[in-house]
Amino acid sequence: MEYCLFTEPQQGASYDDQLAFAQAGERHGFDGYFRSDHYLHMGDGDPHPGPTDAWTTLAGLARETSRIRLGTLVSSVTYRLPGILAIQVAQVDAMSGGRAELGLGTGWFEREHRAYGIPFPAKRFDLLEEQLELITGLWGTPADETYSFSGRHYELTDAPALPRPVQERVPVIVGGAGPRRTPELAARFATEFNIGFRPEHEIAEKFAGVRAACERVGRDPESLRLSVALPTLAAASPAELDHRASNIGRTVDELRGDTNIVGGRDEIIAKVERLAALGADRVYLQLMDLRDLGQVGFLGEDVLPHLPR
């Protein structure tokens, strides 16, 4: 099992906030720092200081951390041309010494696209399929060869497939609750399938679905990592838990239930053990307050050593 921090910087976090958070995660033993790839604040609250670009941020973190994995959960196919994205991720991989991971999805936040003039086509799964094939094709091309691709949406002619990632295979994460195309694309192109923000019975169903998809395409299901991303609120005492919930505009009662990871050490251990029993190989702990380094410290020092590995 691996344990990663997952953040939503568009809700109001500077690069320096993210740097402190990622370094705290590294210091306290987490395996990865992953961030959403969004440009617009969601819901109420103060949007300042404004958005940070995900891959620009990860490039900076690549040079200011030494061990922790770095990636997106997830980048939208609408934001970047796939040839450019392949170069960006490969460069961050080199800058980090081989620690980059790419989460890629269809995108969903239409208002964000309107705000920044980003095209938002109604049908995006074909874009995702072509980008996954194109990006993994570029990375898989030998250094002395070129790569060409001709699809409905993208065309590459004799691309030099440079720069080379440091990793032999950059991890690619595909996730979502779609019943058919999402598991199929994960089985064909991904190293990891992720399901987020779902109760445990749905997680079990989605894991079973993607394993079946692997079998249909002739892939060993054991070769695909399974992961979950869940909102997390953690503290050593009920009073501290209430305080942390208040800081993100919620109550503890609102956050409890069959989906989120909420509570003290023993509650979190029990939840994670159930997720492991469902087949999860990696858990993303979504922490909404990027200025609360104390929560990272509590999870790293009091909880992480007791979780299954």
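Val74 and Trp55 sit in two unconnected hydrophobic clusters of ILVMFWY residues. Membership requires side-chain heavy atoms under 4.5 Å apart, directly or through other members. Hydrophobic clustering, with ILVMFWY side chains joined whenever heavy atoms are under 4.5 angstrom apart, keeps Val89 apart from Val166. In terms of hydrophobic clustering, with Ile, Leu, Val, Met, Phe, Trp and Tyr side chains grouped at heavy-atom distances under 4.5 Å, Leu307 and Val296 are assigned to a common cluster. Under a hydrophobic clustering in which Ile, Leu, Val, Met, Phe, Trp and Tyr are joined whenever their side-chain heavy atoms come within less than 4.5 Å, directly or via other members, Ile68 and Met95 fall into different clusters. Hydrophobic cluster membership differs between Leu287 and Leu241, with clusters built from Ile, Leu, Val, Met, Phe, Trp and Tyr side chains linked at under 4.5 angstrom.
Here Arg211 does not pair with Glu215 in a salt bridge; the nearest charged N to carboxylate O distance is not below 4.0 Å. Ion pairing of Glu205 with Arg198 is absent here, as no side-chain N (NZ or NE/NH1/NH2) approaches a carboxylate O to less than 4.0 Å. With salt bridges taken as basic N to acidic carboxylate O contacts below 4.0 Å, one links Arg309 and Asp31. The residues Arg181 and Glu129 are annotated as salt-bridged, a charged nitrogen and a carboxylate oxygen being separated by less than 4.0 angstrom.
Interatomic distance, CD1 of Ile261 versus OH of Tyr284, reported as 13.0 Å (0.5 Å rounding). Here the OG atom belonging to Ser96 is positioned 13.0 Å from the CZ atom belonging to Arg67, to the nearest 0.5 angstrom. Rounded to the nearest 0.5 angstrom, Gln88 CD and Leu58 CG are separated by 10.5 Å. To the nearest 0.5 angstrom, Thr56 atom OG1 is 11.0 Å from Leu61 atom CG. With rounding to the nearest 0.5 angstrom, the CG atom of Leu40 is 12.5 Å from the CD atom of Glu110. In this structure, Leu19 CG and Leu290 CG are separated by 11.5 Å, a value rounded to the nearest 0.5 Å.
Contact annotation: the side chain of Phe207 never approaches that of Pro183 to less than 4.5 Å [non-hydrogen atoms, C-beta and beyond]. Residues Glu26 and Ser66 are in side-chain contact: their nearest non-hydrogen atoms beyond the backbone lie under 4.5 Å apart. Between Val303 and Tyr3 the shortest side-chain heavy-atom distance does not fall below 4.5 Å. Looking at heavy atoms from C-beta onward, Leu233 lies out of side-chain contact with Asn260 at the 4.5 angstrom threshold. Side-chain contact between Thr191 and Arg225: absent, with no pair of heavy atoms (C-beta onward) separated by less than 4.5 Å. Between Phe21 and Leu293, some side-chain heavy-atom pair lies under the 4.5 Å cut-off. With contacts defined as side-chain heavy-atom distances shorter than 4.5 Å, the pair Ile135/Phe189 does not qualify. Between Arg124 and Thr78, the closest side-chain pair of non-hydrogen atoms falls below 4.5 Å.
Lys271 approaches Thr259 most closely through the heavy-atom pair NZ-O, 3.3 Å. Nearest heavy-atom pair across Ala187 and Arg219 is O-NH1, 3.0 Å. Scanning both residues, Ala86 and Leu138, for their nearest heavy atoms gives CB-CD1, 3.8 Å. Counting all heavy atoms, side chain and backbone alike, Arg282 lies closest to Cys4 at NE-SG, 3.6 Å. Here the shortest heavy-atom pairing between Pro9 and Gln18 reads CG-OE1, 3.2 Å. Residues Arg99 and Asp93 come closest through the heavy atom pair N-OD1, 3.3 Å.
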- side chain to side chain contact (heavy atoms under 4.5 Å, CB included) assessment of Asp281 paired with Glu2: CA-CA 6 Å; Asp281 303 304; Glu2 292 186 353; over 6 Å; no

- Query: Between His28 and Leu299, does a side chain to side chain contact (heavy atoms under 4.5 Å, CB included) hold up when you go through it step by step?
  - Reply: CA-CA 8 Å; His28 290 294; Leu299 285 164; over 6 Å; no

- Derivation and outcome, side chain to side chain contact (heavy atoms under 4.5 Å, CB included), residues Tyr15 and Glu64: CA-CA 12 Å; Tyr15 172 77; Glu64 299 194 85; 2.5 Å; yes

- Item | Residue pair Leu85, Leu104: steps toward the side chain to side chain contact (heavy atoms under 4.5 Å, CB included) verdict | CA-CA 10 Å; Leu85 180 59; Leu104 195 62; 3.9 Å; yes

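The closest donor-acceptor contact from the side chain of Glu254 to the backbone of Thr251 lies under 3.5 Å. Although no hydrogens or angles enter the test, the distance criterion places no donor-acceptor pair under 3.5 Å between the side chain of Glu202 and the main chain of Pro199. In this structure, Thr72 contributes its side chain and Gly103 its backbone to a donor-acceptor pair below 3.5 Å. Ser237 contributes no side-chain N or O that, together with a main-chain N or O of Ala235, makes up a donor-acceptor pair within less than 3.5 Å. Within the 3.5 Å criterion, the main-chain N or O of Arg244 finds no donor-acceptor partner in the side chain of Asn247. Between the side chain of Arg35 and the main chain of Leu73, no donor-acceptor pair closer than 3.5 Å is present. The backbone N or O of Met42 sits nowhere less than 3.5 Å from a side-chain atom of Gln10 that would complete a donor-acceptor pair.
A 6.0 Å sphere centred on CZ of Arg274 holds more than 12 heavy atoms belonging to other residues, nucleotides or ligands. No more than 12 heavy atoms of other residues, nucleotides or ligands lie within 6.0 Å of CD in Gln91, so this atom counts as exposed by the packing criterion. Heavy-atom neighbours of His243 NE2 from other residues, nucleotides or ligands within 6.0 Å: at or below the threshold of 12. Surrounding CD of Glu168 are at most 12 heavy atoms belonging to other residues, nucleotides or ligands under 6.0 Å away. Around atom CG of Asp46, more than 12 heavy atoms belonging to other residues, nucleotides or ligands sit under 6.0 Å away.
Ring pair Phe197/Phe6 is tilted by interplanar angle, where 30° to 60° counts as tilted. Ring geometry for Phe120 versus His113: interplanar angle of 30 to 60°, hence tilted.
In summary, the side chains of Tyr79 and Glu112 do present a donor paired with an acceptor at a separation below 3.5 Å, with no hydrogens or angles considered.
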